[in-house]
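Reviewing the structure listed below.
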Amino acid sequence: MADKKVNLKESLTKLNTIVEWFEEQEEVDVEAGLVKVKEGAELIKVCRKRLSEVENEFKEIQREMDKE
Amino acid sequence: MDSSVLQNLKDWRQLVADAEGCSAVGIISDIVLEEITVSKPKDIGSLFKIKGISNEQCFLFGDAILLIINSVSDKSDYKVPNDADSKENDAPLSVSRYLDYLNNQLDGPPVRVQGEISSFNQSGKGIFFSLKDARDDSVLNCIIWKNVYELSGIEFKIGMEIIASGSSEIYKTRGNLSFVTRSVEMVGEGALKIAYDKLKAKLQKEGIFDEAKKRPLPLYPVKIGLITSKGGAVISDFMANIGRFGYRISFIDSRVEGQLATEELLNSIRTFRKKDIDVLVIIRGGCSMESFLPFNNEMLVREIANFPVPVVAGIGHEKDVSLLAMASDLMVSTPTAVANALNESWEQAESKVKISEQKLFGIFNETLHNQTANIRDSLDTIKNAFQKIFSDFSKAEESLKIGFKSIKDQMVDIKRRLVGVFGPVFRKFDHSIMRTRTDLTNTLQKKIFVAFNTVKNGNDSLLVSYEKTLTMNDPKRQLKLGYSIARVNGSILKSTGQIKKGNTVTVGLHQGIFESEVTIIKEDNQ
């Protein structure tokens, strides 16, 4: 769980760096941009997966709590 | 139905109604009271299940109702052995046994007694004090253990009016009746307010409420320590609003009202201190100032202020914010707000991802679009340029064709004109040349013939004389005349220098030759 938390934070930071890169460019180089976009898309996928994964874990935790 | 229990409940209800200044049925209806009397709930949980009782009523009056029902039923329980003892055995009891019996009789659920502190003194682990009834000077001797006293956060002073909760007990070695105090509360809004203000000022001075001390909630919290009352609607509000972000919620059920709440809350917080959690949450429903008492406890506040991870308090407030809430890292008024605060970073993560996605693809799409437009523009430019070239070429070709045609026409014209104009000229010229040639030929032939004839005639006499001369000078004629020609080695001898003694000289005569040998050479003397 702790790892995932760190990953989400890291992934978001990386994603943000990429977005900032795009915003800083006056004229985006298509080749370099494509590489960044691919990387960004991967990060978005990772983040989305994290966010949906933890949602699934929620029920289990609730059951554990109910048992207590 | 136990009518005495019902009556006790009604008496209690009347007291509450008088205090609140409203009608008795406004507090709790008769039907609900009857239902309570019949089902005799043992705890708050069972009380909640009673039809017609509201959450608020449970919060506000639960403790009191349970106390009344259970104290009545307890009394009826320990009457039985008393009767049995007196009937079966007339023998005297030992002092100890009698005191045990009395203590047994005195033991029961805590009773709240209100009085004025008339004396107090600390001795060992206990503080002995007496409560006096202002109306008739009745006195109750009390003891409070030091830890309970400290927990109460109340500083005893002579003349201070308090409510002590506990039960009486006979101290067997002295025979004194002492009221063993389990919790203390101050009486009256005024006194509460003073105590509250005083403690607030003290803690403020220490910097316990300082903004700078507040820690932000951790990003993406997972392990949550939750303290609240299990029976309250608060927990379901919290659970309904907490997002599905993979939280691991550890829950400790604790009273959040009444004097006993302080101790339970303190123990709950101390339990969580040892647990691995990201954030501690303390929630309860909003109630009157008096029910905030536990949250204004000094020990509790200090425990919160020194808690290892951030604390969120959602315990509501009216005029005054509870000191516990002020010492926490984040205070909000409702359990829903607590849940929202915990959800915040998670929800932001979702929207961060969304925004990043929009920006990322937005900018890149724009780039691609711009590039495509550039390419299209370039293509158009090229196309236009070529089209211009082609159309120019076509024009040039066309004009060239026209040019050629005109040249051709002109040439035809010139030819025609040439033929027309120069034809006769040439023909005339031709004739002239022909005639001239004929003329020339005739003239020249004549002239040459004449001239030749003239020359020929003139030369005939010259030739005769030349012939004569030639005949005269013929060497062979000379030979006839007796001259000879001497040769040596083929060469005609003209001087003696040409020969030497012994040379053979060939001498030619008119009709033959002979050879002679040179024997003497004589040169003419000159």
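Each chain gets a letter, A, B and so on, in the order its sequence line appears, and its residues count up from 1.
The list of salt bridge (charged side-chain N to carboxylate O under 4.0 Å, His left out) pairs with a residue in residues 328-349 of chain B, not counting sequence neighbours, reads B:R215-B:D329.
Summarising the local packing, NZ of A:K45 is surrounded by 12 or fewer heavy atoms from other residues, nucleotides or ligands at distances under 6.0 Å. For B:K213, the NZ atom is densely surrounded, since the number of other residues' heavy atoms within 6.0 Å is greater than 12. Around CD of B:E303, the count of heavy atoms belonging to other residues, nucleotides or ligands within 6.0 Å exceeds 12.
Ranking B:I363, B:L368, B:N370 against chain A, the residue ahead of the rest is B:I363, based on heavy-atom pairs under 4.5 Å. Note on A:L43, A:V37, A:N16: by heavy-atom pairs under 4.5 Å with chain B, the leading option is A:V37.
Within the 4.5 Å cutoff, no side-chain heavy atoms of B:K359 are placed close to those of A:F22. In this structure, the side chains of A:L12 and B:Y220 come closer than 4.5 Å at one or more pairs of heavy atoms.
The structure places CD1 of A:I18 at 12.5 Å from CZ of B:F364, a figure rounded to the nearest 0.5 Å. Taken from CG in B:L360 to CD in A:E23, the straight-line distance is 10.0 Å, to the nearest 0.5 Å. Put simply, OG on B:S356 and NZ on A:K14 are 14.0 Å apart, with the number rounded to the nearest 0.5 Å.
Residue contact with chain A, scored on non-hydrogen atoms closer than 4.5 Å, involves the side chain of B:Q371 exclusively. There is no contact between B:I355 and chain A, counting heavy-atom distances below 4.5 Å.
Ion pairing between a basic and an acidic side chain is recognised when a charged N comes within 4.0 Å of a carboxylate O; B:E357 and A:R48 show such pairing.
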